[in-house]
Amino acid sequence: MNKDSKPYKWQSREQSLGYMVNWAARLFAREMDDALRPFGLMSGQLPVFFALADGEPLPQRELVRLAAVEQSTMAKTLSRMERDSLIQRSPDPNDRRSTLISLTSSAAEKLPDIAAAVASINAKSHLYLSGEDRELLLDLLRRVINGLANDE
């Protein structure tokens with residue numbers, strides 16, 4: 001079969017925004033998981049961890065919104081975090097049907113080290129970018145995210 005007679009010509013993966021963003025995300029997750037393992041944390045738990053970092057307990061529905069994940073994903077994440085003594089649940093005084101989630105004191109003590117590990121990996125990702133390039137990349141990614149999120 002002639003190369004040009006294919007019904008569809010696949011784009012080079014280096015020219016595919018979806019492929020490149022996904023590749024970068026996988027590399028970030030692997031680096032984060034390696035750095036966070038000593039703290040008993042995984043990269044998928046970071047949105048919850050940092051949402052609770054200021055010490056203010058939050059209901060699960062707010063964590064779902066902040067992390068932009070499905071309810072079932074959040075429920076599994078919180079169950080693992082509770083099992084690992086990273087979070088605790090308490091009754092919501094304003095809503096008997098709801099519980100509030102907060103970091104345990106031992107998890108809160110890890111915050112500075114976890115923040116430093118995350119900052120180190122983010123700095124590594126910026127090694128080949130100027131400050132202007134970094135800001136441009138972040139702005140462009142925000143626009144991509146907004147474009148994709150508005151389709152829902």
Side-chain angles (χ1 to χ4, degrees), residues 8-92 98-152:
Y8 180 78
K9 184 175 189 270
W10 288 101
Q11 186 176 32
S12 161
R13 59 185 183 180
E14 287 83 15
Q15 297 301 312
S16 167
L17 180 60
Y19 181 86
M20 295 299 284
V21 168
N22 187 277
W23 187 6
R26 288 192 324 263
L27 291 172
F28 261 107
R30 185 173 60 210
E31 292 272 337
M32 289 289 180
D33 285 339
D34 289 347
L36 297 174
R37 193 170 293 112
F39 306 108
L41 200 62
M42 297 181 334
S43 59
Q45 297 167 328
L46 281 176
V48 173
F49 208 84
F50 286 127
L52 299 172
D54 67 359
E56 187 70 29
L58 294 173
Q60 183 169 326
R61 68 183 170 277
E62 181 63 8
L63 292 172
V64 166
R65 186 188 70 76
L66 291 170
V69 297
E70 297 291 324
Q71 174 65 32
S72 60
T73 301
M74 181 58 66
K76 290 175 190 171
T77 299
L78 293 175
S79 290
R80 282 190 298 272
M81 291 179 79
E82 186 173 34
R83 177 200 69 203
D84 296 340
S85 300
L86 296 169
I87 61 150
Q88 58 196 5
R89 300 173 197 252
S90 57
D92 185 340
S98 180
T99 60
L100 296 176
I101 297 150
S102 58
L103 293 177
T104 61
S105 59
S106 62
E109 289 172 5
K110 299 175 185 180
L111 271 168
D113 292 331
I114 291 168
V118 169
S120 172
I121 292 164
N122 275 306
K124 182 179 177 182
S125 76
H126 301 159
L127 282 176
Y128 301 107
L129 298 176
S130 68
E132 185 177 300
D133 286 345
R134 182 175 54 86
E135 291 305 316
L136 176 60
L137 178 58
L138 289 170
D139 180 57
L140 292 171
L141 287 172
R142 278 187 213 87
R143 288 193 249 168
V144 168
I145 290 165
N146 286 337
L148 294 171
N150 287 333
D151 256 5
E152 295 176 353

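Below, each value reflects all heavy atoms present in this structure, side chains not excepted, and no hydrogens, waters or symmetry copies.
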Minimum heavy-atom distance [X]-[Y], with the two atoms named:
X    : Y    : result
L100 : P57  : CB-CB, 3.8 Å
S85  : T104 : O-OG1, 2.7 Å
A115 : F50  : CA-CZ, 4.2 Å
A107 : F49  : O-CZ, 3.4 Å
Q88  : L103 : NE2-O, 3.8 Å
V48  : M74  : CG2-SD, 3.5 Å

Could you tell me if the side chain of [Y] sits less than 4.5 Å from the side chain of [X], heavy atoms only?
X    : Y    : answer
S102 : R89  : no
Q45  : R80  : yes
L140 : L136 : yes
D133 : Y128 : no

(request) Could I get the full list of ring pair (Phe, Tyr, Trp, His ring centres under 6.0 Å) partners for Y19, not counting sequence neighbours? (result) W23
(request) Kindly say whether A116 contributes a backbone atom to a donor-acceptor pair with the side chain of S120 at under 3.5 angstrom? (result) no
(message) Between R26 and N22, do the side chains contain a donor N or O and an acceptor N or O under 3.5 Å apart?
(response)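 Present: a donor and an acceptor within the cut-off.
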(request) Answer yes when D139 and R143 have at least one side-chain N-carboxylate O distance shorter than 4.0 Å, and no when they do not. (result) yes
